Amino acid sequence: MVPNTVIDRIEFILNKDENTQNKYILQSFDYSISTAYDINNESDKRIDVYASGCNNNEPDELFLEWIANHPSDWTGIVKIFFKNEETPNITLNFKKAIAQSYNQSFTENNGYQQSGYFSANLMGVVINKVQMN
């Protein structure tokens, strides 16, 4: 039997605080895990997690506050669902996210929605119940 690996949807739930959150549907999502060392102390190793994605929604006020690094905890979850699955196959939780960049372009005479791309540094990351950093 062939495994189900076709991605049906990608959900990004962004929490400003306990009472303020929004869900975004992403067109794409990437993450990168890298090891970093202090040049003066090579034994002091850390794991950095970076994420980027393409948001299908127009940026709302909450999303723009996150991009502008307004003070808050900025926690969240990214859920990746495979086709015909009700539960996510990949779940990435984070306890803090610092937005690094956001870009969106517009094209004259184009009736299609223009997606926005973001990148962020994530801390307190857990992927499918495994602690990353």
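Numbers here are sequence positions counted from 1. This structure is a prediction, so every number in the text was calculated from the model and none was measured.
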Polar side-chain atom of Asp17 near backbone of Asn19 as donor-acceptor pair, under 3.5 Å: yes

Inter-residue atom distance Ile127.CD1 - Leu92.CG, 0.5 Å rounding: 4.5 Å

Identified side-chain contact (heavy atoms from CB on, under 4.5 Å) counterpart of Trp74 within the set Lys16, Lys95, Lys96: Lys16

Separation of Ile33 CD1 from Tyr50 OH (nearest 0.5 Å): 12.0 Å

Polar side-chain atom of Asn133 near backbone of Leu122 as donor-acceptor pair, under 3.5 Å: yes

Leu26 CG to Arg9 CZ distance, which is reported to the nearest 0.5 Å: 12.0 Å

Shortest non-hydrogen contact from Glu86 toward Phe81: O-CE2, 3.4 Å

Derivation and outcome, side-chain contact (heavy atoms from CB on, under 4.5 Å), residues Thr35 and Tyr37: CA-CA 7 Å; Thr35 304; Tyr37 296 91; 3.6 Å; yes

Polar side-chain atom of Asn128 near backbone of Thr91 as donor-acceptor pair, under 3.5 Å: yes

Connected via hydrophobic side-chain network under 4.5 Å: Leu14 and Ile67: yes

Nearest heavy-atom neighbours spanning Val78 and Phe12: CG2-CD1, 3.8 Å

Tyr102 OH: over 12 foreign heavy atoms closer than 6.0 Å: yes

Minimum-distance pair of heavy atoms, taken over all atoms of Ser115 and Gln104: O-CG, 3.7 Å

Ile98 backbone acceptor or donor facing Asn121 side chain under 3.5 Å: no

Aromatic centroids of Phe118 and Trp66 separated by under 6.0 Å: yes

Common cluster, Met132/Phe29, ILVMFWY with side-chain heavy-atom separation under 4.5 Å: yes

Min side-chain heavy-atom separation Ser52-Asp30 under 4.5 Å: yes

Asn56 to Gln27 - nearest heavy-atom pair and separation: OD1-CB, 3.1 Å

Test item: Asn89 and Lys79 side chains (from C-beta on) under 4.5 Å apart, heavy atoms: no

Residues Arg46 and Asp44 bridged, charged N to O under 4.0 Å: no

Heavy-atom neighbours of Gln131 CD exceed 12 at 6.0 Å: yes

Salt bridge flag under 4.0 Å for residues Glu85 and Lys83: no

Distance-only donor-acceptor check, side chains Asp60 and Asn22, under 3.5 Å: yes

Pairwise distance CD1(Ile77) to NZ(Lys23) - rounded to 0.5 angstrom: 11.0 Å

Ile10 CD1 to Ile90 CD1 distance, which is reported to the nearest 0.5 Å: 9.0 Å

Transitive ILVMFWY side-chain link Val125 to Tyr31, under 4.5 Å: yes

Exercise: do Asp48 and Ser34 side chains pair donor with acceptor under 3.5 Å: no

Any Ile7 side-chain heavy atom under 4.5 Å of Ile80 side chain: yes

Gap separating the CD atom of Glu65 from the OG1 atom of Thr20, nearest 0.5 angstrom: 8.5 Å

Phe63 and Tyr24 aromatic ring geometry - parallel, tilted or perpendicular at 30°/60° bounds: perpendicular

